[in-house]
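Residue numbers count from 1 along this sequence.
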Amino acid sequence: MSNIAICAPSTPMLPEDAARVVTLAEAEFPGVTLHFHPQCFETDGHFAGPDDRRLAALLESANDPAFDAVWCARGGYGAGRIAEAAIAGFGPAARDKRYLGYSDAGYLLGALYREGIGHPVHAPMPNDIRRDGGDAAIRRALNFLSGEMS
């Protein structure tokens, strides 16, 4: 069983897109449970909430020992603004998790790699469900998160 926290350190996603990801996961990956942080759907300009809210959601997700991984909901500008503070706030529970994302989440993934925190992975994000071939991208990420692909 993999418990996956999803937060949005950059820009928000739509609840209906999150529902599509959950539906796909429930139908095809019974060993994976997705937990979308409510912050994923907040907005502050083009961000998924103000910097302090995005940082708090990321730290809650990373520092909660109940989660096996943290999956960034979407890219776009924003993660780079909170990456340094996030690194400073990661506790012991954050050290062994997988962190998935790309685009602006790369700032965060690079900082994690530099500091030896967790296992940063360049991977599709939940918001990719909106793209042509998005279902296949989500399946690739869920295969990885479920342990079916390492």
Side-chain angles (χ1 to χ4, degrees), residues 1-42 47-49 53-80 82-83 85-87 89-150:
M1 176 65 99
S2 294
N3 286 323
I4 313 304
I6 301 168
C7 61
S10 299
T11 57
M13 69 180 297
L14 298 173
E16 54 268 27
D17 294 332
R20 288 179 58 202
V21 173
V22 169
T23 298
L24 189 154
E26 288 175 345
E28 299 180 30
F29 298 89
V32 174
T33 304
L34 302 179
H35 304 270
F36 278 87
H37 195 287
Q39 170 272 333
C40 291
F41 314 110
E42 296 176 13
F47 297 116
R53 179 71 172 131
R54 294 190 331 276
L55 175 62
L58 176 59
L59 292 176
E60 287 171 24
S61 299
N63 290 328
D64 187 333
F67 296 123
D68 302 304
V70 176
W71 197 7
C72 295
R74 185 176 177 187
Y77 180 65
I82 64 170
I87 295 299
F90 284 150
R95 301 246 166 228
D96 293 323
K97 289 183 178 15
R98 292 177 175 178
Y99 296 86
L100 283 73
Y102 70 93
S103 182
D104 185 56
Y107 288 105
L108 180 60
L109 297 176
L112 289 163
Y113 181 78
R114 180 190 69 221
E115 298 299 322
I117 297 172
H119 309 282
V121 179
H122 186 269
M125 294 184 283
N127 203 64
D128 286 329
I129 196 80
R130 299 180 62 90
R131 300 177 185 266
D132 287 340
D135 288 3
I138 298 304
R139 283 185 186 96
R140 284 192 305 275
L142 292 171
N143 273 325
F144 178 76
L145 288 165
S146 70
E148 293 179 30
M149 174 179 28
S150 53

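Closest non-hydrogen pair, S103 versus M125, comes out as CB-CE, 4.3 Å. Across every non-hydrogen atom of C72 and P126, the tightest pair is O-CD, 3.1 Å. Contact between Y102 and A123 at its shortest, heavy atoms only, is CD2-O, 3.1 Å. The two residues G49 and R54 come nearest to each other via the heavy atoms O-NH1, 2.9 Å. When every heavy atom of K97 is checked against every heavy atom of A93, the shortest pair comes out as NZ-O, 3.1 Å.
The distance from the CD atom of E60 to the CZ atom of F67 is 9.5 Å, given to the nearest 0.5 Å. Rounding to the nearest 0.5 Å places CG of N3 at 5.5 Å from CG of D68. The structure places NE2 of H35 at 8.0 Å from CD1 of I4, a figure rounded to the nearest 0.5 Å. Here the CG-CD distance, from L24 to E26, works out to 10.0 Å after rounding to the nearest 0.5 Å. Between the CD1 atom in I82 and the CG atom in L58 there is a gap of 5.0 Å [rounded to 0.5 Å]. Taking CG from D64 and CG from L59, the interatomic distance works out to 12.0 Å, rounded to the nearest 0.5 Å.
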Listing, residues 7-19 side-chain donor-acceptor contacts under 3.5 Å, not counting sequence neighbours, or none:
from: S10; atom 1: OG; to: G76; atom 2: O; distance (Å): 3.0
from: S10; atom 1: OG; to: A79; atom 2: N; distance (Å): 3.1
from: S10; atom 1: OG; to: D104; atom 2: OD2; distance (Å): 2.8
from: T11; atom 1: OG1; to: R74; atom 2: NE; distance (Å): 3.4
from: T11; atom 1: OG1; to: G75; atom 2: O; distance (Å): 2.5
from: D17; atom 1: OD2; to: R130; atom 2: NH1; distance (Å): 2.6

Which donor-acceptor pairs under 3.5 Å do side chains of residues 105-113 form with protein atoms, sequence neighbours excluded?
none

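Here the side chain of W71 pairs a donor or acceptor atom with the backbone of P124 at under 3.5 angstrom. Between the R98 side chain and the F144 main chain, a donor and an acceptor come within less than 3.5 Å of each other.
Paired with F29 under the rule side chain to side chain contact (heavy atoms under 4.5 Å, CB included), one option of L142, L145, L34 passes, and it is L142.
In this structure A62 satisfies the side chain to side chain contact (heavy atoms under 4.5 Å, CB included) test together with V70, F90, A94, Y99, sequence neighbours excluded.
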